[in-house]
There are 2 protein chains.
Amino acid sequence: MTRAGRSQEEIRQRNLGALLRHVHLAGAVSRSELADRMGLNRSTILALTAELTSAGLVREELPRDTGRAGRPSLVVRPEPGRFHVLAFDVRVDRLVAARVGLGGVVLDRREAVRQRAGADLEDVVGVLAGFGHDLLRRTRPGSLCVGVGAAYCGMIRPADGTVRYGPNMGWVDQAFGTELGRRLGLGLPVPVGNEAHLGALAEHQRGVGIGVQNLVYLHGDVGVGGGIIVGGKLLDGDGGYGCELGHMMVNPYDGRPCECGSRGCLEAEVGERALIDAAGRSGDLSGREGVRAVVEAAERGDPAAREALHRIGDWLGIGVANLINLFNPGMVVFGGMLREVYPGSAAQVLSRVEANVLVASRERVRLRVSALGDDVTLAGAAELGFAKLLADPLDVLAETRARAGTRRRRTLTPTTS
Amino acid sequence: MTRAGRSQEEIRQRNLGALLRHVHLAGAVSRSELADRMGLNRSTILALTAELTSAGLVREELPRDTGRAGRPSLVVRPEPGRFHVLAFDVRVDRLVAARVGLGGVVLDRREAVRQRAGADLEDVVGVLAGFGHDLLRRTRPGSLCVGVGAAYCGMIRPADGTVRYGPNMGWVDQAFGTELGRRLGLGLPVPVGNEAHLGALAEHQRGVGIGVQNLVYLHGDVGVGGGIIVGGKLLDGDGGYGCELGHMMVNPYDGRPCECGSRGCLEAEVGERALIDAAGRSGDLSGREGVRAVVEAAERGDPAAREALHRIGDWLGIGVANLINLFNPGMVVFGGMLREVYPGSAAQVLSRVEANVLVASRERVRLRVSALGDDVTLAGAAELGFAKLLADPLDVLAETRARAGTRRRRTLTPTTS
DNA sequence: GTACTTCCTTCTTCGGGAGGACAAAGTTGG
DNA sequence: CCAACTTTGTCCTCCCGAAGAAGGAAGTAC
């Protein structure tokens, strides 16, 4: 049982958070609209916005040209450039870091390509922490970092950001989050999320899936990861390891071998290598560029490439059909490399959905391609960094200011190692 | 965004509901324990219990022999025999109705076997409504019916209790809930739930799955239904049609034909007929008794029966492995006819789990057999009937009393049609 | 310029929960 | 059997958050 809405302070805290979240996600909302959406009185909205304004989180402006009768409602916007988070993204083929402002604006970013082969924890964290310090150094003074978030292409223990299983780098039980936090030296914890989990959140909050309370997101890179939104919240499971739809067995007989040691997993049948092999191009192509080449060949009419996309689509369709039967979602979103693959495979996917999904569940489901492109995961990481602030704005600010105070007192030189 | 914990009244309502739910599920809880579990002050618990006591929902008693130092805390129990719900259960092979008291005690019940072949909506509703009237007639005066709930072995539209797809009876879009409500004539809506959904809830609240926040429940009868608890709540999806794990495709090549029109669905590979066919007994056995016969034969050492269970277990294992990868649950529960099948198939299931589930997700998962037996679904239906009361106790009581008033005023003869 | 609409702001009221003080009811130990 | 200790029940006051009414402000419509 969750403890109900306990004391009044908790209410205030939650309402402040909810209001800030609305502003953060919408960019600009009028007070009257906030009152409507949150089901609160005008007076209450006044009190809440006043508190957030004086905290420096939002600002209020007169709108221009409402066009409607009556006194125009003040518009609440996130205060630009006063608070930000650091977002990190460890992808299969590159490392990305960004400074993201309240409202979700990417203020600055750094990027490095990386070899697909194994990499050392030290190296990866070193590059990312370097990016982080650089981003902070170039921040105009007065802007405070209120959180950090990281996306990683592997299985993560949410409690401490440990990489349980990262097939691309060959990592097993590496303390990624803790280590990155230590190297950043900000005194902030670094929550880490699986790339597909965070992609799902991002598409749900800022992508094609806005307003969709039940959403299945498939993220393709080397394998296929998943993020599933159930009732507006990410499905995480007991340990945070849920949504592993890439290892759903779809081909129990002559399944292709999978990284995980099994055979016939969805990701073995529809991943990069499956597509390239199916197109008969395993000699000359590989990786994301390989996938692009096959897709482009198919668009030009190449029969082998088209046939390969169809074959992938059939397996993908089985997986998607199973997922729709299980989750009865309002939308299925294809992201990562599947964004490019899906259009050429859509017919097969749809026909599997038609054949295998019960009518009631397929009546209203929409199949879409990711709207946020390659930066979905980065956006998700940023949201992870904002999560605490949106849950309890004043508390996070107090902590942040306390931390800034002690740091300034302790040393006058910047805290880069 | 859900509107936060709005006004104070809403808090009070939720706290009353939460307290009543604790009492309902635990049977008897001390006030100090309630304060602990709900995170509320002693004074508040006092106020809440006082309100529920004066409403007649609970009573407080002196405990006997606490054994601990200090003044003994008063024990709060559900008031017996003052409020009840009607629970209905449409199973594959029988119709069940029961009067269930607060706390989950079955006070009285009626049951009728039914042919497995198609049945008319009118007939089924007629029998159930008759049971309902009979149960109410034999209630001692002063006991009020505060809700109704029904379980149905098919796909249900939760909004109005319409059976979208009921393969066993050949029903499509039949207004079961509405019709049963009309025939009962209580002025109460009749929420209807899928049997496996409700089974999952029941096992989660009163069965092996108490305290397990992420739980997968598989319910076997002719087919295989599913109910999945995610973060303590039933996964329903956009239309309430989620959890259809029975139509997960596990055998895309030489799959057995399924009721749904497809082939290779989980329920086609592990359902009653699959087992009986696999045992080579399709000539002389069928239905639930057929399953029992095969299981008993296997227990006596019959090789064909044992082999059949192993084969079923292998397919079941694929399905279960997929589910564990997707949901990372704390427990998987086998109910309905799977309760009998599972022990003889466990080795195969476990070996599939071992082979196909990623380590992190299988570290802690437990596989168990249903604890509530054949009445899981009935228990779930009762909980459905109690749901409103537990969400807003005083409101439901007010409505109930108002209804009782108007009914008594309108007619002096009982309201049986 | 007047009527109308919609919103902002202030002030008061209401209600829920926390917390302290004291009484009550049990155990423990002599 | 009594005193010390522990834990809880009950009462009372305080605090705080939200609602709601009233009056003013800032737009549009005609």
Side-chain angles (χ1 to χ4, degrees), chain A residues 2-20 28-55 58-76 392-395, chain B residues 2-20 28-54 58-77 392-395:
Chain A
T2 58
R3 50 184 53 187
R6 200 167 37 164
S7 77
Q8 293 101 296
E9 294 117 70
E10 229 178 79
I11 292 202
R12 179 38 81 92
Q13 169 188 321
R14 291 175 53 166
N15 281 345
L16 281 173
L19 200 158
L20 189 56
V29 208
S30 75
R31 297 223 306 223
S32 66
E33 209 175 327
L34 284 168
D36 267 8
R37 286 206 234 169
M38 295 177 64
L40 293 173
N41 192 289
R42 282 212 295 265
S43 329
T44 312
I45 297 292
L46 165 69
L48 293 171
T49 49
E51 207 157 344
L52 291 180
T53 303
S54 80
V58 303
R59 73 159 39 149
E60 293 182 281
E61 290 170 359
L62 280 168
R64 41 180 111 248
D65 278 349
T66 64
R68 290 191 323 175
R71 179 175 177 173
S73 189
L74 292 179
V75 167
V76 187
D392 189 350
L394 302 184
D395 187 56
Chain B
T2 60
R3 49 183 55 186
R6 200 166 39 162
S7 77
Q8 292 103 300
E9 295 116 69
E10 227 177 81
I11 293 203
R12 178 38 80 90
Q13 167 189 324
R14 290 176 53 163
N15 281 346
L16 281 173
L19 199 158
L20 189 56
V29 208
S30 75
R31 297 224 303 222
S32 65
E33 210 176 327
L34 284 169
D36 267 10
R37 285 206 235 168
M38 296 177 63
L40 293 173
N41 193 288
R42 281 211 299 266
S43 332
T44 311
I45 297 291
L46 165 68
L48 293 171
T49 50
E51 206 156 346
L52 291 179
T53 303
S54 80
V58 302
R59 71 159 40 149
E60 294 182 282
E61 290 170 357
L62 280 168
R64 39 180 111 247
D65 279 349
T66 64
R68 291 190 323 175
R71 178 175 179 174
S73 190
L74 291 180
V75 167
V76 187
R77 299 180 178 282
D392 189 352
L394 301 184
D395 186 55

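Proteins get letters first, then strands, A, B, ... in listed order; numbering begins at 1 in each.
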Engineer: Kindly say whether B:Ser32 contributes a backbone atom to a donor-acceptor pair with the side chain of B:Ser73 at under 3.5 angstrom?
Structural biologist: yes

Engineer: Answer yes or no: is there an ion pair linking B:Arg14 with B:Glu10, defined by an N-O contact shorter than 4.0 Å?
Structural biologist: no

Engineer: Whole angstrom is fine here: how far is it from CG in B:Asn15 over to P in C:dA18?
Structural biologist: 8 Å

Engineer: Using whole Å, report how far CD of A:Gln13 lies from P of D:dA18.
Structural biologist: 12 Å

Engineer: Find every protein N or O atom lying less than 3.5 Å from an N or O atom of nucleotides 7-10 of chain C, and list the pairs.
Structural biologist:
{"residue": "C:dC7", "atom": "OP1", "partner": "A:Ser32", "partner atom": "OG", "Å": "3.2"}
{"residue": "C:dC7", "atom": "O4'", "partner": "A:Arg71", "partner atom": "O", "Å": "3.2"}
{"residue": "C:dC7", "atom": "O3'", "partner": "A:Ser73", "partner atom": "OG", "Å": "3.3"}
{"residue": "C:dC8", "atom": "OP1", "partner": "A:Ser73", "partner atom": "OG", "Å": "2.9"}
{"residue": "C:dC8", "atom": "OP1", "partner": "A:Leu74", "partner atom": "N", "Å": "3.2"}
{"residue": "C:dC8", "atom": "O4'", "partner": "A:Arg71", "partner atom": "NH1", "Å": "3.3"}
{"residue": "C:dC8", "atom": "N4", "partner": "A:Arg42", "partner atom": "NH2", "Å": "2.6"}
{"residue": "C:dT9", "atom": "OP2", "partner": "A:Arg31", "partner atom": "NH1", "Å": "3.4"}
{"residue": "C:dT9", "atom": "OP2", "partner": "A:Arg31", "partner atom": "NH2", "Å": "2.3"}

Engineer: With nearest nucleotides of DNA chain D determined for A:Leu62 and A:Ala47 from heavy-atom distances, which residue corresponds to the more 5′ nucleotide?
Structural biologist: A:Ala47

Engineer: Among the nucleotides C:dG17, D:dG27, D:dG17, which one has an atom lying closest to any side-chain atom of A:Arg12?
Structural biologist: D:dG17

Engineer: B:Glu9 CD to D:dG20 C1': how many Å, rounded?
Structural biologist: 12 Å

Engineer: Round to a whole Å and report the spacing from CE of A:Met38 to P of D:dA19.
Structural biologist: 10 Å

Engineer: When the distance from CD1 of B:Ile45 to C1' of C:dA18 is rounded to whole Å, what number comes out?
Structural biologist: 12 Å

Engineer: Is there a side-chain contact between A:Glu61 and A:Leu74, using heavy atoms and a 4.5 Å cut-off?
Structural biologist: no

Engineer: Of all the choices, C:dT27, C:dA18, D:dG17, which nucleotide is nearest to the side chain of B:Thr44 once you look at every atom?
Structural biologist: C:dA18

Engineer: Please state how far atom CG in A:Asn41 lies from atom P in C:dT12, giving the value in whole angstrom units.
Structural biologist: 17 Å

Engineer: Between B:Leu40 (CG) and D:dT10 (P), how many Å, whole number?
Structural biologist: 17 Å

Engineer: What pair of heavy atoms forms the shortest contact from A:Arg31 to A:Ile45, and how long is it?
Structural biologist: O-CG2, 4.0 Å

Engineer: Take the protein atom CG of A:Leu34 and the nucleotide atom P of C:dT6, then report the distance between them rounded to whole Å.
Structural biologist: 18 Å

Engineer: Does any non-hydrogen side-chain atom of A:Pro393 lie less than 4.5 Å from one of A:Leu52?
Structural biologist: yes

Engineer: Restricting to side chain to side chain donor-acceptor pair (under 3.5 Å), what partner residues turn up for B:Glu9, sequence neighbours left out?
Structural biologist: none

Engineer: Less than 4.5 Å apart, any side-chain heavy atom of A:Leu19 and any of A:Val58?
Structural biologist: no

